[in-house]
Colleague: 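My questions all concern the structure below.
Just so it is clear: chains get the letters A, B, ... in the order the sequence lines come, proteins before strands, and each one is counted from 1.
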Number of protein chains: 2
Amino acid sequence: MHAFIKRSTLTTILFIAAVVTSCQEKQSPAEVKTAQNQTESITEKPLALVIHGGAGTIKRENMTEEMEAAYRAKLQEALDAGYAVLEAGGTSVEAVRSAINIMEDSPLFNAGKGAVFNSLGKHELDASIMEGQTLNAGAVAGVTKIRNPIDAAILVKDSTRHVMLSGAGAEEFVGQYGITMVETSYFDTEKRREQLHKAQGKEKVMLDHSSLLDKTPGRDAAPIDDHKYGTVGCVALDKEGNLAAGTSTGGMTNKKFGRIGDSPIIGAGNYANNLTCGVSCTGTGEFFIRTLAAHEASNLMLYKGMKVDQALEEVIRQIQELGGDGGMIALDKDGNVAWDFNTAGMYRAFRKSTGENKIEIYEKTQ
Amino acid sequence: MHAFIKRSTLTTILFIAAVVTSCQEKQSPAEVKTAQNQTESITEKPLALVIHGGAGTIKRENMTEEMEAAYRAKLQEALDAGYAVLEAGGTSVEAVRSAINIMEDSPLFNAGKGAVFNSLGKHELDASIMEGQTLNAGAVAGVTKIRNPIDAAILVKDSTRHVMLSGAGAEEFVGQYGITMVETSYFDTEKRREQLHKAQGKEKVMLDHSSLLDKTPGRDAAPIDDHKYGTVGCVALDKEGNLAAGTSTGGMTNKKFGRIGDSPIIGAGNYANNLTCGVSCTGTGEFFIRTLAAHEASNLMLYKGMKVDQALEEVIRQIQELGGDGGMIALDKDGNVAWDFNTAGMYRAFRKSTGENKIEIYEKTQ
């Protein structure tokens, strides 16, 4: 191609280049800094973080003021922890980790501390993480001693060529990396034990949050098939424009037979792709597996040109059609937040660099 | 709408209906039978079955005539077993089971008998099944004592509200249903043990078929990173027009830490949807998980209008772009067969009600 550049043109280019270089050399450090700041403000990308703490039959009439205040405070704490990472220039993966750690460490949610009991009176936890830029992903399934399963999922993503490790093998692996391990009793809470006893009494499998919110005197909590979910999740968009999504759960009360739900399955309960969106799900996991809910949302944007809120609405419709219920949160590559669910409520919140900060619990408001 | 039908029109309709009924009444049993046969031949749906026995560096120059004949015979046996089910009016799920059972019971493939060894010198097997009509699915991961893991996956689909059961819990569950259990030594083969020793000697994780086909004297098999795969899979289309896809694998040689690959993950290594296609995958599982390979192929058909062969080509391109390799087989809802891979070869075969019957092993011919 250079053969086509005439000598006179080349001279002109060289002259311009020399002038530009000369100008740059003459700039004072202060001028350079101003110019850089201008560039930054022009190209600055939005920061955004959205979280959920589970969907289910969460109704205002079953909630005390104290309980609602506790949930709101914890959701805000998780939002702030994740957002602080983004604001400090950290990655979306680190923001997701920080927000989820807060919820994992709280007994309010069915993840980490406060995880439900399986049929043996123990806890089996699952978590997953995915990066939108690289499509790198990590997950752990059926771990019993890892205090913060999302940390283990991140470790699998960063330190192995694998995506998913399970059970004692996963613990053996992450144990080599100094991740905090706990006795399984650390996860115990009295409310979850009550749920197990109720579920076992009825010899049925029930999903988490149950009865935690139903305090009607003399009422035997909610019907056992009225599933409620406390899985937690987070999607973040960092200053580099990279999305990440993470999900962490304690699974199902009275869970048997090494059941694996959607939370640790990439594309089902969790997915991120910089071309489209990041998604985290909560609900009857089997339906999110069969619809590949999180990947489906991304594909509806990529191949059908849907906006992120339209995509979630369509996926929830598909799940409902199959008989499932639950909810999803998402962030698109431009920082637009979306959430949808076909349950009575979902613990959900977001914070953005526009200054917006919103926490919702009950039915959809828009 | 009936309000718009004029009285004269209604009279005409009733008259025609009466004549038609009268004509039908006059048909002799033989005439009726002939008419039914004609209808059947007009509306008869195609039957089709496609299988794979793994993809990898399968080259003609590394194969003996005897070995090739053994593979061809076993692939034909699996095809015929599955096709016989379809021809007898059985379901696509039963056809998939029959075809995969033949390959699971053969030491030629890395599934069931002949499964590779994990790092502890044991076997951990995975399998999954999905029905295209209902999107019902079942899977088992990390089972060690189930002779035919595909049977366990079908049992999970049919007899639980779950999709995925894992480890000892999965075995406890299927053990209640009289599925054949074996000692883990049943899966042992000398060739797989040699592969384990080689892999452990090099302290690297390697994927199955390796060195089985490389017999060059004095040559230390294929390079250890030159992955080869022996997962098996099958997609079938039955007379009701229902698709089903199944995948069964012994995982990775020297596998550690409870790694779960793509084979038991719905949407990654296996997927079926009557709207589009059924798909079974084999390869570096992590890349098939990150791309949701099987679900992606279906979505490319559903949302981008691609044909089944175009969809597989695009997914293999995505996998290659991420650095992965492997292969896929698929059947669309009309019985069109597709396969694609970016490895040197893939054991693959199909049989259709058109009379076509094809077995291929090496590089793509078209």
Colleague: Please examine the side chains of His162(B) and Lys255(A), heavy atoms only from C-beta on, and report whether any two atoms are closer than 4.5 Å.
Modeller: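 With C-beta onward as the side chain, the pair stays apart.
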Colleague: Output side-chain donor-acceptor pairs under 3.5 Å for residues 170-180 of chain A, partner residues at least two apart or in another chain, one line each.
Modeller:
{"unit_1": "Glu171(A)", "atom_1": "OE2", "unit_2": "Thr144(A)", "atom_2": "N", "d": "2.4"}
{"unit_1": "Glu171(A)", "atom_1": "OE2", "unit_2": "Thr144(A)", "atom_2": "OG1", "d": "3.1"}
{"unit_1": "Glu171(A)", "atom_1": "OE2", "unit_2": "Lys145(A)", "atom_2": "N", "d": "2.7"}

Colleague: Counting only heavy atoms closer than 4.5 Å, note whether Ile265(A) contacts chain B via side chain, backbone, both or neither.
Modeller: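 The side chain, not the backbone.
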Colleague: Measure the spacing between NZ of Lys304(A) and CG of Asn299(B) and express it to the nearest 0.5 Å.
Modeller: 10.5 Å
Colleague: Specify which of Gly167(B), Ala139(B), Gly169(B) makes the most heavy-atom pairs with chain A at under 4.5 Å.
Modeller: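 Heavy-atom pairs under 4.5 Å are most numerous for Gly169(B).
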Colleague: Within a radius of less than 6.0 Å around NZ of Lys333(A), do more than 12 heavy atoms belonging to other residues, nucleotides or ligands occur?
Modeller: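 It does not: Lys333(A) NZ has 12 such atoms or fewer within range.
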Colleague: Applying a heavy-atom distance below 4.5 Å, give me the residues of residues 305-323 of chain A that approach chain B, sorted by number.
Modeller: Gln318(A), Leu322(A)
Colleague: Does any non-hydrogen side-chain atom of Ile260(B) lie less than 4.5 Å from one of Ile260(A)?
Modeller: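 With C-beta onward as the side chain, the pair touches.
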Colleague: Can you see which heavy atom on His295(B) is nearest to which on His295(A), and at what distance?
Modeller: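 Shortest heavy-atom contact: ND1-ND1, 2.7 Å.
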Colleague: Which distance, rounded to the nearest 0.5 Å, do you find between the CD1 of Ile289(A) and the OG of Ser128(B)?
Modeller: 11.5 Å
Colleague: Between Asp262(A) and chain B, which part of the residue has a heavy atom less than 4.5 Å away: side chain, backbone, both or neither?
Modeller: neither
Colleague: Locate the shortest heavy-atom distance separating Gly258(A) from Ser166(B); write the atom from each residue and the value.
Modeller: O-OG, 2.7 Å
Colleague: If you count heavy-atom pairs under 4.5 Å between each of Val163(A), Val156(A), Val140(A), Thr160(A) and chain B, which one has the most?
Modeller: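 Heavy-atom pairs under 4.5 Å are most numerous for Val163(A).
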Colleague: Under 4.5 Å from any heavy atom of chain B, what part of Thr291(A) do you find: side chain, backbone, both or neither?
Modeller: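 Contact with chain B is through the backbone of Thr291(A) alone.
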Colleague: Quick one: pull up CG in Asn273(B) and CG in Leu292(A) and give me the separation to the nearest 0.5 Å.
Modeller: 10.5 Å
Colleague: Using only atom types and a distance under 3.5 Å, with no angle test, would you say the side chain of Arg290(B) pairs donor to acceptor with the backbone of Thr134(A)?
Modeller: yes
Colleague: Please confirm whether the backbone N or O of Leu165(B) pairs with a side-chain atom of Arg259(A), one donor and one acceptor, at under 3.5 Å?
Modeller: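 Flag not set: sc Arg259(A) to bb Leu165(B) has no pair under 3.5 Å.
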